[in-house]
Amino acid sequence: MNKTEIDLIKQNFDIEITDKISADMDIWLELFKNYNSHTNLISKGDLEKIFEKHVFDSLSLSLCIDLTKNLKIVDVGTGGGFPSLILAIFFRNLEIIAVDSISKKMNFLSEVKNKLNLENLTLINDRIENIKPLNADYVVTRAVGRILKIYDFSKKHLKKDSKMIFYKSSNYEDELNEFLKKYKKNKKFYSYILPT
């Protein structure tokens with residue numbers, strides 16, 4: 001990681017970057033670029049802005065969750081490992097379960113997990129609805145499906161008083177209204193708008 005990236009993370013998220021984290025992120029980035037050259041994890045255009053669009057975005061979870069606690073977080077539809085892989089590298093105290101049905105993406109995550117010895121990262125190559133309850137503190141999902149559908153498939157993985165966090169673009173109102181129409185009477189909702 002370069003100094004600008006480290007400074008931005010410290011300033012925005014108050015996360016201390018150790019030499020180990022920085023070195024692991026450099027290894028991850030090299031592996032990511034190599035794998036993405038033959039297997040599409042993200043678009044070529046996104047690769048040029050991988051820090052801003054994916055790493056920084058993944059770490060923004062620290063603004064609404066205390067990631068220094070020992071938590072179990074399930075990432076539904078992790079894709080190229082955002083936020084699961086980034087969180088596993090930065091926060092070895094977290095138990096991260098990354099779920100995705102696309103084998104080629106999970107193969108990449110497995111390669112990184114082994115290379116960086118990420119014992120806090122569990123990989124499940126399946127659809128979230130097919131998996132037995134995981135008893136998570138948080139279920140997160142980033143750029144995957146509609147809120148109502150993901151919630152219905154994933155709610156069995158939440159333990160009592162746990163929460164689900166959806167990374168969504170600014171055009172989420174229709175999805176939220178669809179969701180509230182079904183669950184309005186018996187669910188509490190909090191929205192947290194992350195600074196851009």
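Note that the structure is a prediction, hence the values are computed from the model and not measured.
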Item to check | Spatial distance of atom OG (S22) from atom CG (N2) [nearest 0.5 Å] | outcome: 9.0 Å
Next on the checklist: Taking D137 first and then K69, would you say they form a salt bridge - that is, a charged N and a carboxylate O separated by under 4.0 Å?
Outcome noted: no
Checklist entry - Taking atom CG of D14 as the centre, does the number of heavy atoms from other residues, nucleotides or ligands within less than 6.0 Å exceed 12? => result no
Checklist entry - Sub-3.5 Å donor-acceptor pair from the side chain of D75 to the main-chain atoms of I96, do we have one? => result no
Item to check | Over all atoms of both residues, closest heavy-atom pair of V144 and K168 | outcome: O-NZ, 4.3 Å
Next on the checklist: Checking side chain to side chain contact (heavy atoms under 4.5 Å, CB included) between K33 and each of L41, I50, L47, which is the one that passes?
Outcome noted: L47
Item to check | Flag if over 12 foreign heavy atoms under 6.0 Å of CG, D19 | outcome: no
Checklist entry - Are I65 and I165 side-chain neighbours, meaning at least one heavy-atom pair lies under 4.5 Å? => result yes
Item to check | Residue pair T141, S154: steps toward the side-chain contact (heavy atoms from CB on, under 4.5 Å) verdict | outcome: CA-CA 10 Å; T141 182; S154 306; over 6 Å; no
Item to check | For the student: nearest non-hydrogen atoms of L118 and A88, plus distance | outcome: CD2-O, 3.8 Å
Checklist entry - Among the clusters formed by ILVMFWY side chains lying less than 4.5 Å apart, do I102 and F108 turn up in the same one? => result no
Next on the checklist: Checking N125 against S103: is there a side-chain donor and acceptor pair closer than 3.5 Å?
Outcome noted: yes
Next on the checklist: side-chain contact (heavy atoms from CB on, under 4.5 Å), that's the test. Do I150 and E175 meet it? Break it down for me.
Outcome noted: CA-CA 11 Å; I150 298 298; E175 289 186 44; over 6 Å; no
Item to check | Heavy-atom side-chain proximity of K20 to R92 below 4.5 angstrom | outcome: yes
Next on the checklist: Could you check whether any side-chain heavy atom of F51 comes within less than 4.5 Å of a side-chain heavy atom of M1, counting everything from C-beta outward?
Outcome noted: yes
Checklist entry - Can F91 and L59 be said to form a side-chain contact (heavy atoms from CB on, under 4.5 Å), step by step? => result CA-CA 10 Å; F91 300 95; L59 293 173; 4.2 Å; yes
Item to check | Nearest atoms (heavy-atom pairs only) where F90 meets I15 | outcome: CD2-CG2, 3.9 Å
Checklist entry - Do D152 and K182 come within less than 4.5 Å of each other through their side chains, counting heavy atoms only? => result yes
Next on the checklist: Does E173, at its CD atom, have more than 12 non-hydrogen atoms belonging to other residues, nucleotides or ligands within less than 6.0 Å?
Outcome noted: yes
Checklist outcome for this item: Across all chains, not counting sequence neighbours, the side-chain hydrogen bond (donor to acceptor under 3.5 Å, both in side chains) partners of K104 are none
Checklist entry - Which atom names give the shortest non-hydrogen contact between K72 and N135, and what distance separates them? => result CD-O, 3.6 Å
Next on the checklist: Would you compute the distance between atom CG of D7 and atom CG of N12 and round it to the nearest 0.5 angstrom?
Outcome noted: 10.5 Å
Checklist entry - In Å and rounded to the nearest 0.5 Å, what is the CD1 to CD distance from I6 to Q11? => result 12.0 Å
Item to check | Chi angles and distances behind the ring pair (Phe, Tyr, Trp, His ring centres under 6.0 Å) call for Y183, Y151 | outcome: CA-CA 10 Å; Y183 288 108; Y151 179 79; 5.0 Å; yes
Checklist entry - Are the side chain of H54 and the backbone N or O of I42 linked by a donor-acceptor pair below 3.5 Å? => result no
Checklist entry - Are any side-chain N or O atoms of D100 and backbone N or O atoms of M106, one a donor and one an acceptor, separated by less than 3.5 Å? => result no
Checklist entry - Any side-chain heavy atom of L67 within less than 4.5 Å of one from I73? => result yes
Next on the checklist: Could you walk me through whether L8 and F13 satisfy the side-chain contact (heavy atoms from CB on, under 4.5 Å) test, starting with their C-alpha distance in whole Å, then the side-chain angles of each, then the deciding distance to 0.1 Å, before giving a yes or no?
Outcome noted: CA-CA 8 Å; L8 278 170; F13 307 129; over 6 Å; no
Checklist entry - Do you know which of Y167, F32, F56 makes ring pair (Phe, Tyr, Trp, His ring centres under 6.0 Å) with F82? => result F32
Next on the checklist: Quick one, V55 and M25 - any side-chain contact, counting heavy atoms below 4.5 Å?
Outcome noted: yes
Checklist entry - For the residue pair I131 and K156, what are the closest heavy atoms and their distance? => result O-NZ, 2.8 Å
Next on the checklist: I'd like to know if K53 and D57 make a salt bridge, using a cut-off of under 4.0 Å between side-chain N and carboxylate O.
Outcome noted: no
Item to check | Taking every non-hydrogen atom, the tightest pair across G80 and L109 | outcome: O-CD2, 3.6 Å
Checklist outcome for this item: d(L87 CG, N93 CG) to nearest 0.5 Å is 10.0 Å
Item to check | Spacing of S162 atom OG and L134 atom CG [to the nearest 0.5 Å] | outcome: 11.5 Å
Checklist entry - Can you tell me how far the CD1 atom of I27 sits from the NZ atom of K115, to the nearest 0.5 Å? => result 6.5 Å
